[in-house]
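Taking it in order: structure first as structure tokens, then the write-up.
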2 protein chains.
Amino acid sequence: MSRNFPVRASLRLRRKGIAGDPSGYWRVASYSSPFSLLFCAQTPGFRSASRAMNPDIARERQEASFDVEKLTYILDGGLEKTKRRREIESLVFSDPDFNEEDPNFLSRSERYDQAVRKSAQMVLKLREYGIADPEEIYYYKRMAQGNQHEALGLHFTMFLPSLRSLCDPQQANKWLSLAESFQAVGTYAQTELGHGTHLRGLETTATYDPATQEFVLNSPTVSSIKWWPGGLGKTSNHAIVLAQLYSLGNRHGLHAFIVPIRDMTTHEPLPGIVVGDIGPKFGFNEVDNGFLKLENVRIPRENMLMKYSKVEPDGTYVKPPSSKLTYGTMVFVRSMIVGESARALSKSCTIAIRYSAVRHQSEIRPGEPEPQILDYQTQQYKLFPLLAMAYAFTFVGQYMTEIYHRISEDINQGDFSQLPELHALSAGLKAFTTWETNSAIEVCRMSCGGHGYSRSSALPDIYVEFTPTCTYEGENTVMMLQTARYLVKSYRQAKEGQQLSGIVSYLNESQDRRVQPHAVAARPPVVDINDLSSLVEVYKQRAAILVEMAAKSIQQELQRRKSQEDAWNNSAIDLVRASDAHCHYVVVKVFNDKLKGVGDTAIHSVLSTLALLYAMHGITKNSGDFLLAALVSVPQVLQISVRMKELLSQLRPNVVALVDAFDIHDKKLNSVLGRYDGNVYEHMFEWARRSPLNATEVHESFQKYLKPLRSKL
Amino acid sequence: MSRNFPVRASLRLRRKGIAGDPSGYWRVASYSSPFSLLFCAQTPGFRSASRAMNPDIARERQEASFDVEKLTYILDGGLEKTKRRREIESLVFSDPDFNEEDPNFLSRSERYDQAVRKSAQMVLKLREYGIADPEEIYYYKRMAQGNQHEALGLHFTMFLPSLRSLCDPQQANKWLSLAESFQAVGTYAQTELGHGTHLRGLETTATYDPATQEFVLNSPTVSSIKWWPGGLGKTSNHAIVLAQLYSLGNRHGLHAFIVPIRDMTTHEPLPGIVVGDIGPKFGFNEVDNGFLKLENVRIPRENMLMKYSKVEPDGTYVKPPSSKLTYGTMVFVRSMIVGESARALSKSCTIAIRYSAVRHQSEIRPGEPEPQILDYQTQQYKLFPLLAMAYAFTFVGQYMTEIYHRISEDINQGDFSQLPELHALSAGLKAFTTWETNSAIEVCRMSCGGHGYSRSSALPDIYVEFTPTCTYEGENTVMMLQTARYLVKSYRQAKEGQQLSGIVSYLNESQDRRVQPHAVAARPPVVDINDLSSLVEVYKQRAAILVEMAAKSIQQELQRRKSQEDAWNNSAIDLVRASDAHCHYVVVKVFNDKLKGVGDTAIHSVLSTLALLYAMHGITKNSGDFLLAALVSVPQVLQISVRMKELLSQLRPNVVALVDAFDIHDKKLNSVLGRYDGNVYEHMFEWARRSPLNATEVHESFQKYLKPLRSKL
């Protein structure tokens with residue numbers, strides 16, 4: 001039994017929020033042990049049933065073979081991190097100012113209103129508490145926001161950082177003080193109605209007029225209207241606008257300009273500015289993603305961001321010195337998204353697995369009570385590989401942060417040599433983890449049956465807020481192709497005899513490999529399917545072979561007299577597949593490496609099972625690739641299927657504890673299905689009764705349409 | 001060039017709705033040819049640009065190799081069907097009463113209000129037009145509803161049909177007239193908070209009281225509260241409630257009761273009834289899915305639906321004669337869902353492919369204009385197999401309807417022999433097509449980049465309204481296992497020497513097959529990968545082998561002294577996989593069979609390419625299965641990859657025409673990205689300006705939170 005002191009401490013910390021919590025979370029006055037109380041829903045007086053823990057989920061926790069609390073430390077990066085995170089989180093859930101209505105009950109305008117209020121409130125509270133460390137701010141905001149986004153998000157993540165990195169000293173002096181005091185609230189306007197990732201295609205123009213020393217900004221076409229920037233529609237009074245610069249009749253490419261869009265006092269749009277909200281979306285309803293149409297808008301010359309390039313008063317253009325710094329920001333954001341994948345997936349698994357532990361349905365053996373749905377092999381097969389994936393992605397997120405910081409130091413010392421590798425890695429892993437997570441959230445939702453479709457499950461919210469990560473900050477297919485470009489380049493270097501280092505060093509071995517996969521088939525595979533390191537090796541070889549196949553496809557296209565570019569496009573399917581295999585290898589490798597640092601035997605054991613399941617599941621799902629290259633044999637594929645079933649059974653007693661270790665507070669999860677105490681049905685009923693449609697017993701449509709219908713027939 | 005008379009006729013019909021259409025669709029006064037006009041968005045006066053067809057999409061239509069109109073007839077089931085469908089659809093889009101605001105701009109309550117109004121309106125208009133044929137009603141409603149659902153849906157699809165099939169003559173007399181005149185508006189209340197597919201687990205009780213000759217209905221626990229029925233929350237004044245019947249101290253299992261829940265005059269809930277809306281969901285926001293808690297609710301004895309079983313006044317229970325009729329309804333609904341999959345997928349492909357034809361992005365060759373994104377191989381690889389799937393599922397939907405009607409006739413003549421096969425087929429294909437479509441819609445959405453995430457694309461709506469099909473009317477995994485039960489049973493019968501007929505007759509051959517797939521590997525495959533019939537054979541053999549493997553897994557579990565039930569559960573992964581392979585085989589087979597009936601050479605050619613792409617794509621995605629059983633060789637898998645790229649190029653000029661052939665009217669599609677005329681950006685801008693957040697220039701949150709924030713810092 002693992003319920004030792006640190007766990008109780010954690011529970012005490014969690015219960016600090018009791019008084020201030022409107023949703024009924026943690027209303028139990030106190031309990032000495034979570035296992036001593038019984039669930040009272042079956043008694044006639046269930047409405048007043050006490051909020052004890054559901055006995056099914058209590059039993060699950062009792063049966064765990066490891067110390068949940070210690071695993072949480074590993075996931076957080078150490079006991080001190082966990083402690084600090086919980087302290088910060090408790091500032092939110094003990095704070096009555098954050099007792100809000102579920103946004104799903106509000107209209108779009110009310111949701112936006114609530115989000116702006118929360119954004120303003122967070123600014124004030126963070127200053128009051130003196131929380132300034134970015135990671136700690138992130139803890140705080142994540143807790144306050146639950147499954148939603150921040151109305152002022154782009155002010156913090158794009159406007160301020162862009163000012164910091166693109167202003168010259170004089171500009172910084174003026175604009176940073178305006179922005180930090182929220183006189184200027186801003187966003188970053190890059191994408192246009194007709195233009196996304198391809199920056200050179202942007203159509204907005206900024207033409208310098210030496211007579212007045214102003215830039216004249218225009219949206220020359222419908223497709224050039226700025227579209228999508230968060231906070232642009234209603235919130236911001238300034239935007240950093242990316243536009244094609246023209247001066248003295250010459251075009252100088254894309255530059256950034258600070259454009260005032262609303263009056264700083266009245267907040268009314270300024271002359272020549274057509275600005276507004278782009279309308280409802282799949283999610284992000286808190287955010288006023290906006291449009292901006294510029295009609296001969298004049299801004300002073302000083303509003304061009306001039307740290308790197310300049311336009312002199314007479315219109316002379318001064319080129320920027322070459323810089324790779326913006327490259328770094330992109331890499332940072334993509335690395336962060338890998339962590340977001342892990343968090344969204346952890347939330348989804350927490351909900352689906354806890355609910356599967358309390359939900360009873362159908363029968364396995366006739367006459368016996370309905371089993372927990374977690375006992376169905378099909379349910380285990382849906383969820384446990386995703387749980388393994390959540391752990392894998394958490395560790396990959398940590399890994400990305402670590403190498404980002406390591407390489408950032410190199411960059412600060414002028415060493416850019418590792419940047420291409422990091423760029424390729426962050427692009428590919430961003431795509432790989434977001435795609436995988438995107439599908440996985442929906443599997444979790446549907447594994448909850450009908451109730452997963454209710455907004456009370458939180459799974460629809462998690463999905464719609466997460467899914468844009470597949471598109472923004474680099475569309476996933478484009479990302480995969482960027483990674484492929486690096487892989488093919490590395491492959492060619494290796495073929496030319498260069499010795500590669502880093503993550504692609506496996507391509508050095510490609511010389512020795514036969515290129516015709518069916519010729520290789522004769523070679524007896526040496527993989528030990530029960531040894532994770534051996535499976536990592538197999539994933540590595542798969543990646544090497546698929547990179548080689550993609551490179552050869554390009555070669556063949558070139559031999560058919562195709563241009564470089566057409567050869568590339570005609571091999572794009574193979575290239576994406578190669579990148580995917582490369583990323584999959586990195587994930588399995590990182591998981592395996594992580595295990596080496598885990599000292600606690602019980603935790604090492606359960607994580608090893610998860611890692612093996614993750615690796616085997618990937619082989620099963622892509623068995624064609626592995627068989628094609630004779631990396632595993634047919635009997636081994638069959639053995640893996642059998643072995644996976646054993647791993648599912650082995651994990652079964654630990655899965656609730658494994659999601660508990662993510663330590664996601666009920667307030668952050670905001671899911672009636674994923675509640676820590678497992679008391680799902682009472683809270684679903686309570687939640688439903690708050691539905692806006694229940695504000696009146698009789699909806700007005702009855703008098704308006706239904707009653708008259710009778711007489712009209 | 002295929003633009004002959006029937007196409008023009010179709011265009012004329014489409015334009016009939018011009019005057020009544022508020023969204024600006026088809027505002028062009030007239031045009032003799034869609035190719036003679038140019039897109040004006042690039043001109044300075046773009047705001048007043050005429051609504052000519054986008055030149056990219058016009059060119060695509062010009063390049064099609066077949067007659068679109070003739071393909072539409074094939075999809076509809078004949079020229080006459082197409083004609084009638086268009087006539088009925090034009091009744092909606094030429095009707096100003098159906099000029100509604102986009103529901104995405106409305107609050108939940110307004111959406112519900114709009115839907116009730118529309119439901120009532122449709123009842124009146126259908127009577128006025130004298131449309132009574134179920135298929136024609138369906139055409140009308142589908143057009144009027146766009147991507148949303150009907151508020152009164154369950155009154156028509158469950159309440160009325162249940163009354164018709166479960167009332168005795170006296171009851172029918174009373175209740176049908178009440179329901180048909182909308183005095184009684186009803187729903188069907190089966191599922192409970194804690195209980196879904198497993199009917200025996202339902203907890204609601206109906207206890208007969210001989211003293212008053214009444215039933216007393218109760219919800220004894222929280223988990224027994226009725227949950228999910230559409231129309232239960234606010235709309236219905238009656239519900240058919242499924243409850244466990246108790247009489248004279250004995251339990252008699254589940255029976256159906258008509259329970260009045262709201263006063264027929266005031267619409268207020270009746271005593272003992274706690275009823276309401278279950279709250280916001282992922283979609284279905286027009287529908288008031290509801291909860292119902294029964295607290296000693298008394299109903300007269302005559303409110304038990306007594307066609308098959310009865311309770312006599314003294315409490316004596318009279319058993320029903322055994323009946324397989326309800327079985328038939330279930331099968332019918334599941335067959336219908338296969339068609340729904342095809343329609344949702346056709347819509348999604350129409351949007352994604354048309355948008356990909358007008359969207360330009362990035363560059364393939366440096367210096368050249370940005371290409372249509374449809375020219376990227378990765379985009380083709382995402383979308384064309386889904387287009388092929390949309391055609392495949394359309395034909396499978398037709399096939400299901402045909403065999404349903406054929407077998408229904410048998411049943412009416414007392415012959416139930418084909419019902420088990422149809423049941424297994426409808427369960428599996430419901431699961432197979434909904435799962436595939438579910439993922440496919442999201443691929444279509446994400447293939448539209450950021451704009452796919454806007455509600456203006458319609459893809460979020462299509463997804464959230466479609467995704468519950470994976471769960472309702474039989475949860476998909478449960479469905480797959482039901483099909484597997486039939487397959488394993490058939491397999492065993494074949495092993496015992498019985499000669500199977502029908503779709504599972506391929507299991508007869510299993511005797512001859514070696515059971516160890518790796519032993520088979522030596523056999524040289526005889527498949528011709530370019531011959532569709534040969535691929536159908538390969539799919540068939542894959543199904544046979546996977547059914548055999550699942551059956552053997554059960555056998556092995558039994559040999560390990562597991563019970564039948566545990567052996568089944570421990571083989572569930574293999575069983576689902578076997579069902580999936582069986583369904584996949586059926587789909588490929590039906591597509592191939594359909595081709596045989598297509599006389600038009602040009603259409604036969606393009607459909608053959610689609611069918612080959614569908615079959616090859618399935619082999620690529622599941623290559624492990626095929627390699628495992630040595631059904632194809634390693635070189636063949638590689639050849640298929642190469643061949644698929646050729647098929648993508650071959651289809652490229654025809655894909656816009658192939659989605660045009662679905663003939664989905666803009667009003668039904670309700671997508672700015674999928675517009676027939678391709679004028680995407682202007683309409684996206686128009687749509688956005690109607691967003692509720694743009695009702696005022698300055699949102700109140702500015703004065704409330706943002707302005708005060710400055711002074712507080």
Side-chain angles (χ1 to χ4, degrees), chain A residues 41-42 46 104 107 113 116-117 120 181-182 193 196 198 201 221-223 234 267 276-282 362 364-365 370 377-378 381 446 449-450 453-455 460 468 470-471 477 518 565 569 572-573 623-624 627-628 634-635 681-682 688 691 693-694 698-699 701-702 705 709-710 713, chain B residues 41-42 46 104 107 113 116-117 120 181-182 193 196 198 201 221-223 234 267 276-282 362 364-365 370 377-378 381 446 449-450 453-455 460 468 470-471 477 518 565 569 572-573 623-624 627-628 634-635 681-682 688 691 693-694 698-699 701-702 705 709-710 713:
Chain A
Q42 303 297 322
F46 64 84
N104 284 302
S107 73
D113 193 272
V116 176
R117 184 177 72 77
S181 63
F182 298 91
L193 242 180
H198 185 60
T221 59
V222 192
S223 54
K234 310 305 285 186
H267 209 61
D277 176 73
I278 62 164
K281 294 144 294 184
F282 205 2
S362 296
I364 293 176
R365 298 178 205 92
E370 295 184 90
Q377 191 184 62
T378 46
Y381 189 62
M446 291 194 276
Y453 191 71
S454 167
R455 290 271 173 181
C470 297
T471 309
T477 302
H518 54 285
E565 295 79 18
N569 187 34
I573 299 170
S623 57
L627 286 169
L628 205 68
V634 167
Y681 298 132
E682 304 87 317
S691 168
L693 271 196
N694 295 329
V698 179
H699 193 268
S701 58
F702 171 72
Y705 315 119
L709 180 62
R710 300 178 188 170
L713 292 171
Chain B
Q42 303 296 321
F46 63 85
N104 284 301
S107 72
D113 193 272
V116 176
R117 183 177 72 77
S181 63
F182 298 91
L193 243 180
H198 185 58
T221 59
V222 191
S223 54
K234 312 304 285 184
H267 210 60
D277 176 73
I278 62 163
K281 294 144 293 185
F282 204 2
S362 295
I364 293 176
R365 300 179 204 91
E370 296 183 90
Q377 190 184 62
T378 47
Y381 189 61
M446 292 195 276
Y453 190 70
S454 167
R455 289 271 173 180
C470 297
T471 309
T477 303
H518 53 286
E565 295 78 18
N569 186 35
I573 298 170
S623 57
L627 286 169
L628 205 67
V634 168
Y681 299 132
E682 304 86 315
S691 168
L693 271 195
N694 295 329
V698 180
H699 192 268
S701 59
F702 172 72
Y705 315 119
L709 180 62
R710 302 176 186 169
L713 291 171

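Chain naming here is simple, since letters A, B, ... match the order of the sequence lines and numbering starts at 1 in each. The shown structure was predicted, so the numbers you read here are calculated from the model rather than taken from an experiment.
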Notebook entry, point to check: Between A:His267, A:Glu370, A:Glu565, which has the largest tally of heavy atom pairs under 4.5 Å with chain B?
Noted result: A:His267

Check: Do you know the tightest heavy-atom contact between A:Phe282 and B:Pro460?
Finding: CD1-CB, 3.5 Å

Item checked: Residue part contacting chain B, namely of A:Tyr453, when any heavy atom lies under 4.5 Å -> both

Margin query: Quick check against the 3.5 Å criterion: does B:Asn694 have a side-chain atom that pairs as donor or acceptor with the backbone of A:Asp277?
Written below: yes

Notebook entry, point to check: Which one, A:Gly450, A:Ser362, A:Pro468, A:Ala572, leads in non-hydrogen pairs under 4.5 Å with chain B?
Noted result: A:Ser362

Next item on the list: Could you check B:Val116 against A:Phe702 for side chain to side chain contact (heavy atoms under 4.5 Å, CB included), going step by step and ending with a plain yes or no?
Entry: CA-CA 8 Å; B:Val116 176; A:Phe702 171 72; over 6 Å; no

Next item on the list: State, to 0.1 Å, how close A:Ser623 and B:Gly624 come at their nearest heavy-atom pair, and which atoms those are.
Entry: OG-CA, 3.1 Å

Next item on the list: Output the option from B:Gln377, B:Lys281, B:His699, B:Arg117 having the highest count of non-hydrogen pairs under 4.5 Å with chain A.
Entry: B:Gln377

Notebook entry, point to check: Minimum heavy-atom separation for B:Met446 to A:Cys470, with atom names?
Noted result: SD-CB, 3.7 Å

Check: Taking atom CD of A:Glu682 and atom OG1 of B:Thr221, what is their separation to the nearest 0.5 Å?
Finding: 10.0 Å

Margin query: Tell me the closest heavy-atom pair linking B:Ala120 and A:Leu709, and the distance in Å.
Written below: O-CD1, 3.7 Å

Note to self: Restricting to non-hydrogen atoms, name the atom on B:Thr378 and the atom on A:Ile573 that form the minimum distance, rounded to 0.1 Å.
What the structure shows: CG2-N, 4.5 Å

Check: What residue in A:Ser701, A:Ser691, A:Pro280, A:Ala688 has the most heavy-atom pairs under 4.5 Å with chain B?
Finding: A:Pro280

Next item on the list: Count the heavy-atom pairs under 4.5 Å between each of A:Ile278, A:Asn569, A:Asn104 and chain B, then report the option with the highest count.
Entry: A:Asn569

Notebook entry, point to check: Which bit of A:Thr471 is near chain B, if near means a heavy-atom gap under 4.5 Å: side chain, backbone, both or neither?
Noted result: side chain

